[in-house]
Amino acid sequence: MSDIPEEASGIVKKFLYVNRKAPHGTIYALESLEVVLIGAAFEQDVSLAFLDDGVFQLVKGQDTADIGVKNFSPTYRALGDFEVTKLYVEKESLAERGLSKDDLMEIMYEDEDDDWEEKPSIKLVNRTELAAVMAGQDVILSF
Amino acid sequence: MSDIPEEASGIVKKFLYVNRKAPHGTIYALESLEVVLIGAAFEQDVSLAFLDDGVFQLVKGQDTADIGVKNFSPTYRALGDFEVTKLYVEKESLAERGLSKDDLMEIMYEDEDDDWEEKPSIKLVNRTELAAVMAGQDVILSF
Amino acid sequence: MKFGIVVNEGPYTHQAADTAYQFTKAVLEKGHEVYRVFFYHDGVNVGTRMTVPPQDERHIQRNWSELGEKYKLDMVVCIAAAQRRGIMDENEAKRQGLDGDNIAPGFRISGLGQLIEAGIQADRLVTFGD
Amino acid sequence: MKFGIVVNEGPYTHQAADTAYQFTKAVLEKGHEVYRVFFYHDGVNVGTRMTVPPQDERHIQRNWSELGEKYKLDMVVCIAAAQRRGIMDENEAKRQGLDGDNIAPGFRISGLGQLIEAGIQADRLVTFGD
Amino acid sequence: MSILHTVNKSPFEKQTLNSCIAHALDGDAILMVEDGVYGAIDGTAAATQLAANKNISIYALGPDLNARGLGEAKLVSGLTIVDYNGFVDLAVEHDKTQSWL
Amino acid sequence: MSILHTVNKSPFEKQTLNSCIAHALDGDAILMVEDGVYGAIDGTAAATQLAANKNISIYALGPDLNARGLGEAKLVSGLTIVDYNGFVDLAVEHDKTQSWL
């Protein structure tokens with residue numbers, strides 16, 4: 001039962017967090033985000049995929065005051081500060097739900113390899129491209 | 001702590017238990033059946049509806065030994081002993097799932113008003129007929 | 001009008017326990033009566049006093065306990081469902097030989113008959129679940 | 001080969017906790033290694049010692065505790081998920097000012113980092129949930 | 001003997017709304033709550049289904065719409081938005097409630 | 001980099017199997033477990049979808065089929081039935097596992 005600290009392990013894997021569920025109706029979106037934030041400290045190669053009802057997690061203007069539940073949606077906009085900068089959003093999932101890119105939050109990060117230029121974290125991909133993203137991973141965590 | 005009402009209230013309501021979920025994958029079918037069994041002591045006018053994936057609850061030949069889970073399906077056959085004799089099964093739900101009446105357990109009851117003749121508890125109904133059954137109830141419990 | 005409320009999912013995982021709370025609160029504030037709140041399936045998990053959610057999140061059990069106290073609600077946790085999920089009051093824990101209990105203030109453990117009775121006695125039975 | 005196992009649903013309500021158990025047992029009996037079993041979301045509810053299922057049903061917590069003891073498994077309950085759902089060990093209960101704890105033998109409470117670490121260290125990570 | 005039907009599942013994930021519509025009768029009402037309110041988005045397959053049922057009143061819970069960022073501009077026409085008090089009123093006005101879980 | 005996909009939801013209730021099939025690539029495998037095994041019934045809309053994907057291997061967990069009373073005569077052709085040991089072997093043979101929850 002080795003307890004190697006992550007910096008000593010030297011292993012860098014490609015981690016994909018797959019988000020397929022809507023926010024608020026269930027806790028999976030929120031608790032998935034908590035994994036992503038903690039996971040950021042491990043310096044792995046992290047991507048997030050949003051497909052099916054998971055695209056609803058990124059809809060802008062969420063206001064949970066009247067259901068008495070915490071609004072965690074602003075946290076997605078802070079992901080760049082945790083060096084989580086690859087958010088793949090599936091076009092087909094958006095279209096089936098009557099959504100377009102304009103319905104989503106603007107999520108940016110500062111690219112340290114490009115003079116800290118602000119760049120969008122959301123990458124719109126089609127189903128075929130997303131399948132390729134999935135195929136290229138080492139570890140897939142589904143929520 | 002007794003499940004038997006302290007005194008007969010005299011009220012007889014039409015209770016419908018709506019079963020829309022498959023057995024074993026979740027506990028809803030089993031715990032719904034537990035309500036039906038306890039409820040039988042209250043001498044209400046009880047019906048059960050099986051539609052959508054709920055029709056899978058009545059499939060014959062279920063053998064749960066290898067998943068290590070209790071096989072509660074034989075209990076449906078004992079419902080007649082509890083005077084629960086109206087099991088409405090939706091034809092459209094069966095057909096969509098590649099099932100016919102022959103795939104279902106035989107569930108019988110003895111009709112005390114007809115010289116204890118054995119009669120089938122399962123009544124196949126179409127969607128329109130089932131909607132009418134629902135409309136005619138006083139209390140609907142969904143699982 | 002007299003309402004019965006059925007809560008079929010546990011705290012935080014599904015919104016059902018929250019919606020049921022908001023609905024029950026509205027029922028009471030509008031002057032209706034709540035005959036009973038019955039917690040079934042994972043809903044029994046609402047009734048543990050051991051939850052400690054983050055400071056900036058709602059405390060679902062405490063919300064229910066406070067609503068129950070304010071309006072003298074009869075909040076019943078199903079015994080069969082509770083035994084499967086580890087919700088115990090002092091009597092049950094003793095009977096089962098356990099070293100402690102975890103039921104929250106205002107909740108009581110009883111049988112499924114209490115659900116049927118709510119269906120008989122209430123004018124409307126409203127179910128919240130998954 | 002080294003496996004990591006993630007269990008995301010609680011006992012009895014979803015089959016996930018059973019399937020995860022059968023899978024983990026098969027992994028071990030085939031001679032593979034299990035780096036860690038991580039209980040997240042409602043999966044933390046598997047780790048309460050207060051469940052008393054009917055005599056004729058399987059005892060999910062006990063199954064896991066026994067498997068854990070036999071193979072010296074590292075069975076970790078996520079602390080954040082556990083706090084929302086009322087699963088406590090002695091230390092956590094003390095820290096939170098609670099009057100008792102409910103964690104089952106063989107389970108320990110720790111952080112989400114243990115899940116990431118399992119993803120890094122294991123050759124295969126397999127998730128069971130709803 | 002009219003029914004208030006509640007639907008709390010996304011129609012893009014589950015068949016629940018379809019099944020509810022198929023079993024609702026004239027004079028009944030359908031109230032979308034929790035993730036069920038995603039069924040109120042205009043221009044989707046679910047919206048087409050809703051529109052085909054003229055004699056069933058369609059409601060959605062405002063607090064759940066707001067939580068999910070669904071402003072009125074995005075919603076199907078003919079929908080009535082209610083709050084928790086309105087939910088209670090609907091339960092009173094109809095003879096019984098059926099939750100499509 | 002092939003994937004073992006697991007699906008544990010009934011295709012008659014949820015969109016999960018559809019989505020999985022739409023994202024699986026040649027050489028991947030799909031294993032139906034728990035209520036997912038209902039996707040193996042022949043002559044349904046789900047079965048038609050499965051059959052259209054020739055280069056993906058389809059498996060179903062035998063213990064879950066038995067629990068649900070689904071004998072081999074009722075199942076789609078070209079399906080391989082495995083037990084928990086077979087599930088472990090599939091996880092070993094593929095580079096990673098994706099659970100469609």
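Remember, predicted model here, so these are calculated numbers, not experimental data. Lettering of chains follows the sequences in order, A, B, ..., and the numbering in each one begins at 1.
- Annotation: side chain of R20(A) is not in contact with side chain of E13(E) (no heavy-atom distance under 4.5 Å).
- Within the 4.5 angstrom heavy-atom criterion, only side-chain atoms of D53(A), from C-beta onward, approach chain E.
- When only modelled atom types and interatomic distance are considered, Y76(A) and Q57(A) share a side-chain donor-acceptor pair under 3.5 Å.
- The pair K21(A)-D52(A) does not meet the salt-bridge criterion, since no charged nitrogen lies less than 4.0 angstrom from a carboxylate oxygen.
- For residues 94-101 of chain E, a heavy-atom distance under 4.5 Å to chain A picks out no residue at all.
- Ring planes of F143(A) and Y17(A): parallel class, angle under 30° (limits at 30 and 60°).
- Heavy-atom neighbours of chain A within the stretch residues 32-50 of chain E, taken at a separation under 4.5 angstrom, comprise D35(E), Y38(E), I41(E), D42(E), T44(E).
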>> The test is side chain to side chain donor-acceptor pair (under 3.5 Å); show your working for E90(A) and S93(A) and say whether it passes.
In response: CA-CA 5 Å; E90(A) 190 179 88; S93(A) 296; 2.8 Å; yes
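- Residues I3(E) and L25(E) form no side-chain contact, since every pair of their non-hydrogen atoms from C-beta on lies 4.5 Å or further apart.
- Electrostatic pairing of K60(A) and D102(A) does not count as a salt bridge here, judged by no charged N lying under 4.0 Å from a carboxylate O.
- For the 3.5 Å distance criterion, the side chains of S32(A) and N19(A) qualify, holding a donor opposite an acceptor.
- Taking the six-membered ring for Trp, H5(E) and Y59(E) have ring centres at least 6.0 Å apart.
- More than 12 non-hydrogen atoms from other residues, nucleotides or ligands lie less than 6.0 angstrom from CD of E129(A).
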> Could you go step by step and tell me if D111(A) and K119(A) meet the salt bridge (Lys or Arg N to Asp or Glu O under 4.0 Å) rule?
Replying inline: CA-CA 7 Å; D111(A) 188 348; K119(A) 296 184 177 177; 2.9 Å; yes
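- Partners of E96(A) by salt bridge (Lys or Arg N to Asp or Glu O under 4.0 Å), not counting sequence neighbours, listed by chain and number: R127(A).
- Heavy-atom neighbours of chain A within the stretch residues 70-92 of chain E, taken at a separation under 4.5 angstrom, comprise K74(E), Y84(E).
- Closest heavy-atom contact between L104(A) and L94(A): CD2-CD2, 4.0 Å.
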